[in-house]
Amino acid sequence: MSKKLSFKENLFIGSMLFGLFFGAGNLIFPVHMGQEAGADIFWANLGFLVTGIGLPFLGVIAIGVSKTSGVYELAQRINKTYALIFTVLLYLVIGPFFALPRLATTSFEIGLAPFIPAENQTLFLAIFSFLFFLAAWWLSKRPTKILDYVGKFLNPAFLVLLGILLLLAFINPLGSVADAPVQPHYQNQAFFTGFTQGYNTLDALAALAFGIIIVTTIRGMGVTKPSDIARDTIKSGAISIVLMGIIYTLLSYAGTMSLGTFPMSANGGIALAQIADHYLGTYGSILLAFIVILACLKTGIGLITAFAETFTELFPKRSYLFFVTGTSLLACLVANVGLTNIIQISLPVLMFIYPLAMTLILLVLFGPLFKQRTSVYRMTTYFTLLASIVDGLNACPDSIKQTSVVKGILTFADSYLPFFSLGMGWITPALIGFIIGLLWSFFKNEKKPDLIVS
């Protein structure tokens with residue numbers, strides 16, 4: 001018989017999910033956005049929340065209502081080849097190539113670098129990243145304990161420490177929001193700039209990736225009925241998303257207020273360090289170090305676990321421990337590239353893969369309206385794919401953008417593709433693909449496909 005989870009159990013799962021989501025980018029990007037948006041922070045934060053918490057929540061709902069165990073099963077609604085490629089790429093982005101290494105470098109640059117001489121930081125980053133991923137590897141070896149590690153211990157400790165810092169920032173603000181200067185790219189399109197800034201958190205991608213952890217955890221607590229799993233997934237997701245929205249907003253406004261005392265910083269990590277030092281001096285720096293390391297470690301555990309569980313299903317000839325170890329080692333190596341380089345390299349990839357993830361989430365949620373017809377999934381995805389390639393090229397370094405072929409493509413897109421200048425050139429092609437897929441399915445008299453339910 002399927003068990004009914006109590007509110008307390010849903011609260012623990014929601015805390016776990018929040019802890020998995022809230023890592024490096026979730027701390028530094030809202031603060032930096034707050035500094036750049038200045039007096040326009042309300043609209044910028046609203047746009048940021050759409051992609052920062054709205055899309056992740058839709059992703060969690062999509063996992064729940066689809067009654068699947070993760071992104072691979074969802075993406076099979078397009079076709080199996082696409083599902084494999086998309087799943088591998090998504091997990092590499094949120095795993096060893098970008099998100100995981102960023103956790104270690106952010107922890108180091110915010111938490112420890114201020115105490116280490118510049119000439120020794122390369123060596124100490126190597127040592128720290130090794131120890132960081134050694135701890136994450138050790139805690140990821142037992143995926144059944146992730147609810148205890150993250151939901152009951154690491155996340156509550158993180159919230160208490162961060163709450164202290166934010167409380168001080170609002171009791172004695174560093175400056176006025178209304179008087180904060182607005183950077184040029186926020187002056188006329190604060191909402192849309194905040195919207196694309198939310199990509200940097202990687203949470204819409206993580207929502208699909210963490211689906212397997214949520215479902216496994218709920219099943220492990222005795223819930224077996226698919227509809228009950230879906231309901232508890234959505235309940236837990238709502239708890240985590242509300243927490244994230246509150247903290248994002250507080251962090252972004254703290255960043256804006258900091259301009260009353262400090263100049264614009266190169267990134268949100270520097271701004272956070274300045275805020276902590278202002279209120280608590282050396283103790284503030286120590287407090288911030290604990291906040292950041294806890295935030296990043298708990299997310300690292302979740303990402304490694306999700307990566308290993310998914311790849312074990314995709315490639316069953318290799319063990320769970322093999323993928324946990326391989327992911328941890330590769331992430332440790334990439335971490336030594338440095339935070340700034342990781343962020344710069346990841347942006348084109350994010351602009352490419354985010355639209356594909358967003359359209360998949362929306363297709364799953366609105367699937368009952370078109371009876372989950374395969375043609376709709378395929379045409380929407382294929383048209384989005386073409387536009388995503390162009391959006392990714394537009395986010396590349398100038399050395400790539402100035403080549404004759406790429407420059408020609410971007411010039412054409414800028415002239416004929418709506419919303420391209422806002423970083424959302426995929427919207428119109430996705431709608432066109434959806435309409436074509438819908439018409440095609442009617443003309444073919446396409447029947448509802450047999451979907452995999454686990």
Side-chain angles (χ1 to χ4, degrees), residues 19 22-29 31-32 94-141 149-150 153-154 157-158 161-162 164-165 200-202 251 262-263 265-304 307 324-347:
F22 212 92
N26 310 74
L27 277 171
I28 63 177
F29 288 116
V31 177
H32 190 59
I94 66 166
F97 284 173
F98 298 124
L100 269 175
R102 192 174 71 181
L103 295 173
T105 53
T106 301
S107 300
F108 176 79
E109 293 195 15
I110 299 177
L112 299 181
F115 304 103
I116 299 171
E119 62 271 16
N120 295 330
Q121 289 194 6
T122 301
L123 173 62
F124 277 85
L125 173 59
I127 296 171
F128 174 80
S129 58
F130 173 77
L131 294 175
F132 178 92
F133 285 110
L134 180 63
W137 170 81
W138 180 260
L139 293 171
S140 299
K141 288 198 304 178
Y149 294 150
V150 178
F153 303 119
L154 291 178
F158 161 75
L161 294 175
L162 182 61
I164 293 171
L165 184 58
N200 287 311
T201 66
L202 301 176
L251 284 170
F262 301 110
S265 61
N267 60 62
I270 295 172
L272 266 179
Q274 291 173 333
I275 293 169
D277 183 71
H278 174 84
Y279 289 112
L280 296 170
T282 302
Y283 294 108
S285 299
I286 296 172
L287 174 66
L288 184 61
F290 278 110
I291 290 172
V292 174
I293 292 173
L294 275 177
C296 295
L297 181 61
K298 59 188 177 53
T299 302
I301 295 168
L303 290 176
I304 292 172
F307 185 97
V324 168
T325 305
T327 307
S328 301
L329 288 173
L330 186 55
C332 183
L333 292 174
V334 177
N336 287 274
V337 171
L339 178 59
T340 301
N341 291 329
I342 290 173
I343 293 174
Q344 289 176 345
I345 295 170
S346 66
L347 185 57

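Quick note: residue numbers are just sequence positions, from 1. Computed from a predicted structure; not experimentally measured. Below, all heavy atoms of this structure are taken into account, side chains as well, without hydrogens, waters or symmetry copies.
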Evaluate side-chain contact (heavy atoms from CB on, under 4.5 Å) for Leu103 paired with Leu303, printing each intermediate quantity in order.
CA-CA 10 Å; Leu103 295 173; Leu303 290 176; 4.0 Å; yes
Minimum heavy-atom separation for Phe290 to Leu161, with atom names?
CB-CD1, 3.8 Å
Within this structure, what is the CD1-OG1 distance for the pair Ile304 and Thr325, rounded to the nearest 0.5 Å?
9.5 Å
Parallel, tilted or perpendicular, as decided by the 30° and 60° cut-offs, for the rings of Phe108 and Phe128:
tilted
Does any N or O in the side chain of Thr327 come within less than 3.5 Å of the main-chain N or O of Val324, such that one atom is a donor and the other an acceptor?
no
The residue among Thr299, Val292, Leu294, Ile293 that forms side-chain contact (heavy atoms from CB on, under 4.5 Å) with Cys296 is Val292
Find the distance between CG (Leu272) and CG (Asp277) and round it off to the nearest 0.5 Å.
12.5 Å
Starting from the C-alpha separation in whole Å, work towards a yes-or-no answer on side-chain contact (heavy atoms from CB on, under 4.5 Å) for Leu27 and Ile110.
CA-CA 11 Å; Leu27 277 171; Ile110 299 177; 5.9 Å; no
For Tyr283, does the OH atom have more than 12 heavy-atom neighbours from other residues, nucleotides or ligands under 6.0 Å away?
no
Of the non-hydrogen atoms in Lys141 and Trp138, which two are nearest, and what is the gap between them?
NZ-CZ3, 3.0 Å
Measuring from Leu139:CG to Lys298:NZ, what's the distance to the nearest 0.5 Å?
13.5 Å
Is the number of heavy atoms from other residues, nucleotides or ligands within 6.0 Å of CZ (Phe130) greater than 12?
no
Working to the nearest 0.5 Å, report the span between CG of Leu280 and CD1 of Ile275.
11.5 Å
Measure across Pro101 and Pro96 and return the closest heavy-atom pair with its distance rounded to 0.1 Å.
CG-O, 3.0 Å
Non-hydrogen atoms of His32 and Gly268 that approach each other most closely
CB-N, 3.6 Å
Report the distance from atom CG of Leu330 to atom CZ of Phe133, rounding to the nearest 0.5 Å.
9.5 Å
As an exercise, state the distance from OG1 of Thr282 to CD1 of Ile286, rounded to the nearest 0.5 Å.
6.5 Å
Compare every heavy atom of Ala276 with every heavy atom of Leu165, then report the nearest pair and how far apart it is.
CD1-CA, 3.7 Å
In terms of heavy-atom contacts, Ala126 and Ser129 come closest through O-OG, 3.0 Å
Donor-acceptor contact present, side-chain Thr105 to main-chain Arg102, <3.5 Å:
yes
